[in-house]
Amino acid sequence: MLSEFEISRDFARKLDKEDPLAHFRRRFYIPDGTIYMDGNSLGLLSKSAERSVLLVLDEWRTLAIRGWLEAKKPWFYLAEDLGAKCSKLVGAQPDEVVLTGTTTINIHQLVHTFYRPEKRRKKILADELNFPTDIYALRSALELRGQDPYKNLVLAPSEDNRYLDENKIVDLMDEETALVFLPSVLYRSGQLLDMEYLAKEAHERGISIGFDCSHSVGVVPHQFDKWDLDFALWCSYKYLNGGPGGSAFLYLNKRHFEREPALAGWFGYVKHKQFNMSIDFEHAKSAGGWQISSPAILSSAPIDGALDVVLEAGIEAIREKSLKMTSYLIYLVDQVLSSAPYNFKIGTPREAKRRGGHVALEHEDGMRISEALRARGVVTDFRPPNVIRVAPIPLYNTYHEIWQIVHRMKIIIDNKEHKIPKARKAIS
Ligand SMILES: *Cc1c(COP(=O)(O)O)cnc(C)c1O
């Protein structure tokens with residue numbers, strides 16, 4: 001089959017010229033002299049996010065306590081407001097999403113809310129390729145409910161240490177399973193799981209299911225309501241470009257608004273009655289009811305401007321460009337870097353619909369190649385044992401940058417730069 005791509009540098013430039021999202025790049029701060037392909041770990045600052053932070057600082061300076069109700073976006077409602085704004089990206093109702101806590105805190109909040117071991121149903125089903133913090137949180141959830149954190153945590157195995165087979169996950173959903181908790185996109189291989197299928201199969205067996213969507217929201221469109229997920233959560237600092245360690249999002253299907261939040265706190269109180277200061281907790285019948293503390297206004301502020309950029313570009317257009325970029329990267333690696341002496345392997349599904357926003361390039365010298373790339377101004381990241389993750393971000397990366405990094409990898413291997421000991425590299 002003829003590829004839609006060509007190998008020349010001119011072709012990369014042509015793709016950039018035809019790119020309808022190309023103008024968004026000017027709205028971001030690109031670190032000087034770098035090709036930044038690490039936006040799946042920490043997205044870059046946009047001018048829009050910077051403005052929304054500066055606005056809040058100004059309001060703090062001029063309004064002080066009055067900012068809670070008189071800021072342009074009153075701080076008292078900011079978590080619900082920004083949740084509603086983000087709901088459009090994930091196919092949810094405005095009151096089903098709230099900006100609160102952090103990713104791992106939200107795992108605890110929602111897993112504890114849904115995990116109620118009963119006579120036979122005591123197990124949580126996750127997977128062995130999951131992000132470590134998710135597994136730690138699940139084990140502590142089991143322990144806190146008096147369950148064996150190893151025996152009762154079932155980890156769906158991977159045959160190749162890259163991918164999960166959805167059918168095998170479904171086979172593990174049985175009458176002992178109380179809850180399924182999985183990632184939308186695997187952080188290492190970039191495999192996108194079929195959430196709709198998994199949710200349908202879980203529900204047919206009477207099991208609740210939630211997803212950690214940290215690696216997909218902002219780059220992959222979601223339909224949480226249509227897929228009928230029970231809950232989901234995701235961070236704001238990867239593809240959403242909301243700032244390092246910023247506040248995070250959680251989604252709770254409205255079917256569950258009457259449930260009791262496992263970790264109660266005063267900002268989950270029914271909004272208009274919160275300041276009656278009753279000591280009897282009554283949670284808001286919305287995702288907002290699952291808040292614990294006062295919203296972190298300063299780390300929420302950039303997310304406001306950051307979301308504007310994503311919404312303006314449109315998640316469907318972002319996904320289209322993302323798939324074109326990752327397909328182009330895979331094509332170039334196949335053409336330029338797959339045979340000896342380069343020996344790079346693609347560790348990401350080639351089928352577009354099974355792919356998130358990054359490409360895993362596997363190489364036995366991955367760590368040292370990753371370091372050599374940094375020395376050449378390319379920021380990617382390395383995940384043991386052998387994966388260089390490359391994330392071309394539709395809002396600010398170019399096709400020409402993809403072309404360049406593939407050719408820098410080629411030069412690194414040609415010159416054996418990855419074989420030079422680190423100490424010598426630093427002085428040379
Ligand atoms: C990035 C990421 C996290 C980060 O957790 P924090 O609590 O924000 O540090 C958690 N889970 C997954 C799957 C992630 O990709």
Side-chain angles (χ1 to χ4, degrees), residues 37-44 79 82 86 89-90 97-112 124-141 153 155-156 158 162-164 169 179-193 195 198 209-220 222 224 229 231-251 263 290-293 295-296 298-300 302-303 306 322 348 355-360 379-384 387 389-391 393:
M37 296 253 178
D38 208 9
N40 60 328
S41 258
L42 179 65
L44 294 178
L82 295 184
C86 196
L89 290 178
V90 296
V97 180
V98 67
L99 178 69
T100 188
T102 60
T103 321
T104 309
I105 288 177
N106 293 342
I107 299 175
H108 283 291
Q109 172 68 301
L110 290 167
V111 166
H112 284 294
I124 299 181
L125 172 60
D127 71 276
E128 67 173 7
L129 299 180
N130 215 317
F131 198 83
T133 201
D134 298 53
I135 298 295
Y136 306 156
L138 293 177
R139 289 221 162 99
S140 72
L153 180 62
L155 298 178
S158 162
R162 288 179 182 143
Y163 308 135
L164 297 170
I169 299 176
L179 175 68
V180 178
F181 184 62
L182 293 164
S184 53
V185 168
L186 299 184
Y187 76 96
R188 205 164 20 187
S189 69
Q191 179 191 359
L192 171 65
L193 295 181
M195 293 184 264
L198 290 164
I209 184 165
F211 286 89
D212 183 332
C213 297
S214 294
H215 267 285
S216 58
V217 175
V219 74
V220 178
H222 292 316
F224 290 164
L229 307 191
F231 67 91
L233 50 100
W234 58 98
C235 71
S236 58
Y237 49 78
K238 291 172 179 160
Y239 294 98
L240 291 176
N241 313 308
S247 298
F249 289 96
L250 67 80
Y251 159 86
L263 310 178
W290 273 254
Q291 293 174 85
I292 302 172
S293 292
L298 288 181
S299 77
S300 303
I303 296 164
S322 166
T348 295
R355 197 153 82 218
H358 74 267
V359 175
V379 184
T380 57
D381 63 25
F382 174 75
R383 290 290 177 268
V387 172
R389 297 190 305 180
V390 182
I393 304 298

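Below, all heavy atoms of this structure are taken into account, side chains as well, without hydrogens, waters or symmetry copies. Because the structure is a prediction, the values reported are computed rather than measured. Atoms within each ligand, like the ligands themselves, are counted from 1 in listed order.
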Checklist line | Residues L240, I303; criterion side-chain contact (heavy atoms from CB on, under 4.5 Å); working and verdict | finding: CA-CA 8 Å; L240 291 176; I303 296 164; 6.0 Å; no

Margin query: I'd like to check which ligand 1 atoms, numbered from 1 as shown, lie under 4.0 Å from a non-hydrogen atom of S214.
Written below: 2 (C), 12 (C), 14 (C), 15 (O)

Next item on the list: Search all heavy atoms of A156 against all heavy atoms of L125 and return the closest pair with its distance.
Entry: N-CD1, 4.3 Å

Check: What residue and heavy atom of the protein are closest to atom 8 (O) of ligand 1, and at what distance?
Finding: Y237 OH, 2.6 Å

Item checked: Residue portion contacting ligand 1 (non-hydrogen atoms closer than 4.0 Å) for P183 -> neither

Note to self: Under a 4.0 angstrom heavy-atom cut-off, which atoms of ligand 1 come close to T133?
What the structure shows: 10 (C), 11 (N)

Next item on the list: Please identify which atoms of ligand 1 are closer than 4.0 Å to at least one heavy atom of D134.
Entry: 10 (C), 11 (N), 12 (C), 13 (C)

Notebook entry, point to check: Between S184 and C213, what is the shortest heavy-atom contact and its length?
Noted result: OG-CA, 3.2 Å

Check: Which protein non-hydrogen atom lies closest to atom 13 (C) of ligand 1, naming both residue and atom, and how far is it?
Finding: D212 OD2, 3.2 Å

Notebook entry, point to check: Any N/O of T103 closer than 3.5 Å to an N/O of ligand 1?
Noted result: yes

Next item on the list: Could you check whether the rings of W234 and F249 sit parallel, tilted or perpendicular, using 30° and 60° as the cut-offs?
Entry: parallel

Margin query: Tell me the contacting part of F131 for ligand 1: side chain, backbone, both, or neither, using a 4.0 Å heavy-atom threshold, strictly below.
Written below: side chain

Margin query: Please give me the minimum heavy-atom distance between G245 and Y237, naming the atom from each residue.
Written below: N-CD2, 3.6 Å

Notebook entry, point to check: Which residue supplies the protein heavy atom nearest to atom 7 (O) of ligand 1, what is that atom called, and how far is it?
Noted result: T104 OG1, 2.6 Å

Next item on the list: Report, in ascending order of atom number, the atoms of ligand 1 lying under 4.0 Å from any heavy atom of H215.
Entry: 15 (O)

Note to self: So, taking the atom named OG in S189 and the one named NE2 in H358, what distance separates them when rounded to the nearest 0.5 Å?
What the structure shows: 6.5 Å

Next item on the list: Apply side-chain contact (heavy atoms from CB on, under 4.5 Å) to the pair T100 and W290, showing each step before the final yes or no.
Entry: CA-CA 8 Å; T100 188; W290 273 254; over 6 Å; no

Notebook entry, point to check: When the ring planes of F224 and Y251 are compared, do they come out parallel, tilted or perpendicular, using 30° and 60° as the limits?
Noted result: tilted

Item checked: Nearest neighbour in protein (non-hydrogen) for atom 1 (C) of ligand 1 -> K238 NZ, 1.4 Å

